[in-house]
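Contents: one structure, followed by commentary.
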Amino acid sequence: MQPLHILLLILAYFGVLILISYITGKSANNQTFFKANNSSPWYLVAFGMIGASLSGVTFISVPGWVEGDKMSYMQMVLGYVVGYAVIGLVLLPLYYRLNLTSIYTYLEGRFGRHSYKTGASFFLLSRTVGAAFRLFLVANVLQLILFDAYGIPFWVTVTITILLIWLYTFKGGIKTIVWTDTLQTLFMLIAVGVCIVMIKDEMQIDNLFSYVADNSLSKTFFFDDVKAGNYFWKQFFSGAFISIVMTGLDQDMMQKNLTCRNLKDAQKNIFWFTIVLVIVNFFFLALGVLLTDYATANGLDTHKDNLFPTIAMSGDLGIATSLFFLLGLIAAAYSSADSALTSLTTSFSIDILEIDKKENEEEKEKIRKKIHVLFSFILIAAILIFKYFIADESVIAKIFQFAGYTYGPLLGLYAFGLFTKLNIKDKLVPIICLIAPIITYIISFYSKEKIGFDFGFFVLILNGFLTFLGLLAIKTSKNA
């Protein structure tokens with residue numbers, strides 16, 4: 001594809017998103033921006049959440065994961081099923097019963113103001129960095145296939161990317177996102193399907209499932225080495241807890257669920273979302289097997305995050321593959337990034353500035369719009385910082401590693417609040433939540449260096465456990 005064709009595709013794509021934004025943003029207010037007036041059909045939320053969960057990172061990194069770690073990622077995906085069950089049966093009933101806009105206000109009622117602010121702050125840090133990781137990957141691809149041809153520097157690419165997101169979310173917020181995410185998920189799934197069919201035909205494979213099943217790269221379960229990072233039970237339980245914290249304790253993902261009409265609809269959303277997500281991840285891994293074999297057979301020196309983009313955009317698989325890859329990449333990236341920007345705006349407005357306690361609706365709306373702009377600039381800065389410090393490693397691995405340290409305190413706080421009746425010294429909570437990740441890092445580092453035991457993504461559970469112990473140490477005699 002020529003750069004001009006790519007540019008026209010991007011402009012047409014965003015034209016559609018802005019049209020949806022115009023339609024859904026009519027008569028929008030803060031209630032619309034934050035909760036979509038509790039009017040979202042559950043099936044749209046479920047379908048749209050697939051794209052938001054997978055993101056551009058999954059679109060590129062999961063196929064690239066297969067070369068080095070085979071299909072071990074599926075161990076985590078199976079763990080997700082357990083985690084989503086906990087979200088549907090434990091967390092969603094709590095959030096709907098308390099009628100929350102920000103899920104972190106639960107912490108204020110359970111423990112106190114310091115716990116509330118700490119939980120919200122860890123989310124803001126986690127989601128800002130996570131969104132920057134995801135957008136960096138996509139901005140980098142766009143830079144290589146489009147903007148380099150026009151001599152446009154990377155910082156301009158990033159700024160344009162964020163500006164486009166701001167443009168179609170600033171008015172309707174989460175109401176717009178429920179609809180745009182649905183469209184973007186559809187594009188992403190079509191793109192994966194087209195790419196699988198094209199490469200399958202090119203390699204003259206008769207039966208995709210037999211080919212993948214018989215392939216040495218399709219090994220999924222690893223029980224041999226308990227010290228290894230890909231040991232089954234480590235990844236399975238890590239997947240369960242990652243899904244709990246990165247969906248159930250994450251304002252970004254839960255904000256969509258809280259736009260459903262009632263709890264029953266929200267639970268149906270989680271149930272069907274879980275089933276489809278497992279299936280979709282399998283096809284991403286199957287695509288990774290095909291791409292790895294194709295690269296080997298054709299002597300292509302491309303690996304990890306570069307594997308899918310290099311092959312898809314080479315033109316060897318036809319222009320349809322390049323077109324749908326690009327469309328799927330853009331869709332996957334923006335379905336994750338737009339909701340991140342909206343949820344960051346929501347959390348900072350509600351949790352930090354507490355604009356819901358103000359009486360003047362016009363003033364509240366002005367503040368929310370300013371925060372929306374502020375986080376647009378913060379994301380730009382975070383992506384540019386990440387650009388110059390990223391290591392030679394899959395971005396998806398970095399996201400999960402970082403999540404282990406930032407979501408761990410949230411896991412500990414919610415576990416303590418839900419499964420004990422103990423009260424705590426609220427003022428000491430920020431200290432506990434800062435110390436726990438530091439101790440987690442020290443334990444993880446020395447266990448790998450001294451005894452060869454790699455915690456991998458299991459650091460999330462360790463971090464949450466240490467936070468729980470810390471909260472137990474500052475309990476008071478008075479029960480909640």
Side-chain angles (χ1 to χ4, degrees), residues 49 52-53 76 79-98 100-111 114-131 237-259 263 266-267 269-270 273-274 277 336 339-340 342-344 346-348 350-352 399-420 429-430 432-433 436-437 440 457-468 470-471:
M49 278 181 64
S53 298
M76 290 183 66
Y80 292 167
V81 176
V82 176
Y84 291 133
V86 172
I87 293 168
L89 298 173
V90 178
L91 293 176
L92 279 177
L94 172 70
Y95 298 154
Y96 269 86
R97 177 167 55 83
L98 298 176
L100 302 181
T101 298
S102 167
I103 62 174
Y104 307 114
T105 49
Y106 160 75
L107 297 174
E108 183 173 30
R110 179 64 177 84
F111 298 125
H114 288 84
S115 300
Y116 169 40
K117 299 294 184 182
T118 301
S121 298
F122 269 93
F123 161 72
L124 290 167
L125 174 63
S126 302
R127 183 48 65 180
T128 299
V129 176
F237 285 115
S238 294
F241 282 95
I242 282 171
S243 63
I244 290 171
V245 298
M246 294 187 74
T247 300
L249 304 183
D250 185 282
Q251 177 64 27
D252 185 354
M253 299 302 290
M254 283 295 98
Q255 191 168 354
K256 297 182 181 72
N257 282 272
L258 296 177
T259 67
L263 172 61
Q267 288 175 319
N269 156 44
I270 285 292
F273 160 72
T274 303
L277 191 68
S336 174
S339 59
T342 303
S343 63
L344 288 167
T346 299
S347 181
F348 196 85
I350 301 293
D351 300 324
I352 306 301
I399 288 176
F400 288 141
Q401 288 168 5
F402 187 80
Y405 292 100
T406 56
Y407 281 100
L410 278 171
L411 177 62
L413 278 168
Y414 275 84
F416 197 90
L418 290 168
F419 301 115
T420 78
V429 169
I432 296 297
C433 290
T440 299
F457 304 138
F458 207 73
V459 293
L460 170 66
I461 301 172
L462 174 63
N463 196 0
F465 178 68
L466 292 175
T467 303
F468 191 97
L471 296 173

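This structure is a prediction, so every number in the text was calculated from the model and none was measured.
Contact between Ser121 and Ile352 at its shortest, heavy atoms only, is OG-CD1, 4.3 Å. Residue Pro437 comes nearest to Pro409 through the heavy atom pair CG-CG, 3.9 Å, listed as atom of the first residue, atom of the second, then distance. When all heavy atoms of Met246 and Arg127 are compared, the closest pair comes out as O-NH2, 4.0 Å. In plain terms, the two heavy atoms of Ile87 and Met254 that are nearest each other are CG2-CE, 3.9 Å. Of all non-hydrogen atoms in Gly79 and Ser243, the two that sit nearest each other are O-OG, 4.3 Å. Here the closest non-hydrogen pair linking Ile350 and Tyr116 is O-OH, 3.3 Å.
We find the OG-CD1 distance between Ser238 and Ile461 to be 4.5 Å, quoted to the nearest 0.5 Å. Separating the CE atom in Met76 from the CD1 atom in Ile242 is a distance of 3.5 Å, to the nearest 0.5 Å. With rounding to the nearest 0.5 Å, the separation of CD1 in Ile244 from OH in Tyr414 is 13.0 Å. Note that NE2 of His114 is 13.5 Å distant from CG of Leu107, once rounded to the nearest 0.5 Å. Atom OG1 in Thr247 sits 9.0 Å away from atom CG in Leu249 (nearest 0.5 Å). Note that CZ of Arg97 is 8.5 Å distant from OH of Tyr106, once rounded to the nearest 0.5 Å.
Counting heavy atoms from C-beta outward, Val429 and Leu471 have side chains that approach closer than 4.5 Å. Side-chain atoms of Tyr104 and Leu124, non-hydrogen and from C-beta on, never get closer than 4.5 Å to each other. Put simply, the side chain of Leu413 reaches to within 4.5 Å of the side chain of Cys433, judged on heavy atoms. Within the 4.5 Å cutoff, the side chain of Leu411 has no heavy atoms near those of the Phe465 side chain. Counting heavy atoms from C-beta outward, Leu94 and Leu418 have side chains that approach closer than 4.5 Å. Counting heavy atoms from C-beta outward, Thr118 and Ile432 have side chains that stay 4.5 Å or more apart. The shortest side-chain heavy-atom distance between Val129 and Thr406 does not fall under the 4.5 Å cut-off.
Just one residue in the list Asn257, Leu100, Leu263 forms a side chain to side chain contact (heavy atoms under 4.5 Å, CB included) with Tyr95, and that residue is Leu100.
Every residue was checked against the side-chain hydrogen bond (donor to acceptor under 3.5 Å, both in side chains) condition with Thr467, not counting sequence neighbours, and none meets it.
For the residue pair Asn463 and Tyr405, no side-chain donor N or O sits within less than 3.5 Å of a side-chain acceptor on the partner.
The backbone N or O of Leu344 lies less than 3.5 Å from no partner atom in the side chain of Ser347, so there is not a single donor-acceptor pair. Formation of a donor-acceptor pair under 3.5 Å by the Glu108 side chain with backbone atoms of Lys117 is not found in this model. Between the Gln267 side chain and the Leu89 main chain, no donor and acceptor come within less than 3.5 Å of each other.
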Checklist entry - Checking side-chain contact (heavy atoms from CB on, under 4.5 Å) for the pair Thr420/Phe468: CA distance, chi angles, key distance, verdict? => result CA-CA 10 Å; Thr420 78; Phe468 191 97; 3.8 Å; yes

Checklist entry - Are Leu410 and Asp250 close enough, and set up right, to give a side-chain contact (heavy atoms from CB on, under 4.5 Å), and what steps lead you there? => result CA-CA 9 Å; Leu410 278 171; Asp250 185 282; over 6 Å; no

Checklist entry - Yes or no on side-chain contact (heavy atoms from CB on, under 4.5 Å) for Asp351 and Phe123, after CA distance, side-chain angles and deciding distance? => result CA-CA 11 Å; Asp351 300 324; Phe123 161 72; 5.8 Å; no

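For an aromatic pair to be called close, the ring centres must be under 6.0 Å apart, and Phe241 with Tyr407 fails this.
Note: Phe416 and Phe111 have tilted aromatic rings, judged against thresholds of 30 and 60 degrees for the angle between ring planes.
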